[in-house]
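Being a predicted model, the structure only gives us computed values, none of them experimental.
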Amino acid sequence: AMHSCKGTTPEYKQHIKKLLQQHFKEILETKKGVHHVKVARAETNKQNNMANVFLNVTYNDSTQEEVMFPLVYVNNEWLIQ
């Protein structure tokens, strides 16, 4: 779940969903989709309520990239910030 979507309107959630769908379509068109994802590492702050998770993504066109997801721990769950 995304922290920015908690407590928002259905319209905002739909907007975010549409953006993610467009991004997925772009990956399919340009990189032929995702072949493999591996967690490279996770770094937390001292309070253990925020983290950056680094993923190594390999695409079907054999290209690779590292993607970072900032997370926040709220109400007993980790959310994408």
Side-chain angles (χ1 to χ4, degrees):
M2 292 186 67
H3 184 256
S4 64
C5 288
K6 289 284 188 175
T8 62
T9 65
E11 293 81 13
Y12 180 78
K13 291 177 185 177
Q14 187 62 31
H15 175 71
I16 295 297
K17 183 178 177 179
K18 190 172 187 175
L19 288 174
L20 291 171
Q21 288 171 335
Q22 288 172 345
H23 180 65
F24 179 71
K25 182 179 177 186
E26 181 181 319
I27 288 173
L28 283 176
E29 291 171 355
T30 61
K31 300 182 178 292
K32 300 178 181 65
V34 174
H35 176 71
H36 183 77
V37 177
K38 181 179 178 184
V39 176
R41 67 188 184 283
E43 301 171 354
T44 60
N45 66 351
K46 289 182 181 180
Q47 295 81 18
N48 288 323
N49 63 355
M50 297 180 77
N52 289 326
V53 176
F54 296 84
L55 306 176
N56 289 329
V57 181
T58 303
Y59 298 99
N60 287 328
D61 68 353
S62 298
T63 61
Q64 297 179 339
E65 73 174 319
E66 183 175 78
V67 178
M68 189 267 297
F69 279 92
L71 303 177
V72 61
Y73 192 70
V74 178
N75 297 325
N76 295 319
E77 64 180 336
W78 285 100
L79 304 170
I80 299 171
Q81 194 166 21

Q.
Run the side chain to side chain contact (heavy atoms under 4.5 Å, CB included) test on Phe54 and Glu43 for me, step by step, so that the C-alpha distance in whole Å, both residues' side-chain angles and the decisive distance to 0.1 Å come before the verdict.
A. CA-CA 8 Å; Phe54 296 84; Glu43 301 171 354; 3.8 Å; yes
Q: Using the side chain to side chain contact (heavy atoms under 4.5 Å, CB included) rule, take Lys38 and Leu55 through it: C-alpha gap first, then chi angles, then the decisive distance, then the call.
A: CA-CA 6 Å; Lys38 181 179 178 184; Leu55 306 176; over 6 Å; no
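By the 4.5 Å heavy-atom criterion applied to side chains, Val53 and Leu71 are counted as neighbours.
Checked against side-chain hydrogen bond (donor to acceptor under 3.5 Å, both in side chains), Asn52 has no partners two or more places apart in sequence or in another chain. In this view, Tyr73 and Trp78 satisfy the ring-ring contact (aromatic ring centres under 6.0 Å, His included) rule, not counting sequence neighbours. Legend: residues meeting side-chain hydrogen bond (donor to acceptor under 3.5 Å, both in side chains) with Asn75, ordered by chain and number and at least two apart, are absent.
Under the salt bridge (charged side-chain N to carboxylate O under 4.0 Å, His left out) criterion, the residue pairs touching residues 56-71 are Arg41-Glu66, with sequence neighbours excluded. Screening residues 46-60 for salt bridge (charged side-chain N to carboxylate O under 4.0 Å, His left out), with sequence neighbours left out, gives no hits.
The two residues Val37 and Val34 come nearest to each other via the heavy atoms CG2-CG1, 3.7 Å.
Residues Met68 and Val39 fall into different hydrophobic clusters, defined by Ile, Leu, Val, Met, Phe, Trp and Tyr side chains chained together at heavy-atom separations under 4.5 Å.
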Could you tabulate the donor-acceptor pairs under 3.5 Å formed by side-chain atoms of residues 14-32, not counting sequence neighbours?
from  : atom 1 : to    : atom 2 : distance (Å)
Thr30 : OG1    : Glu26 : O      : 2.8

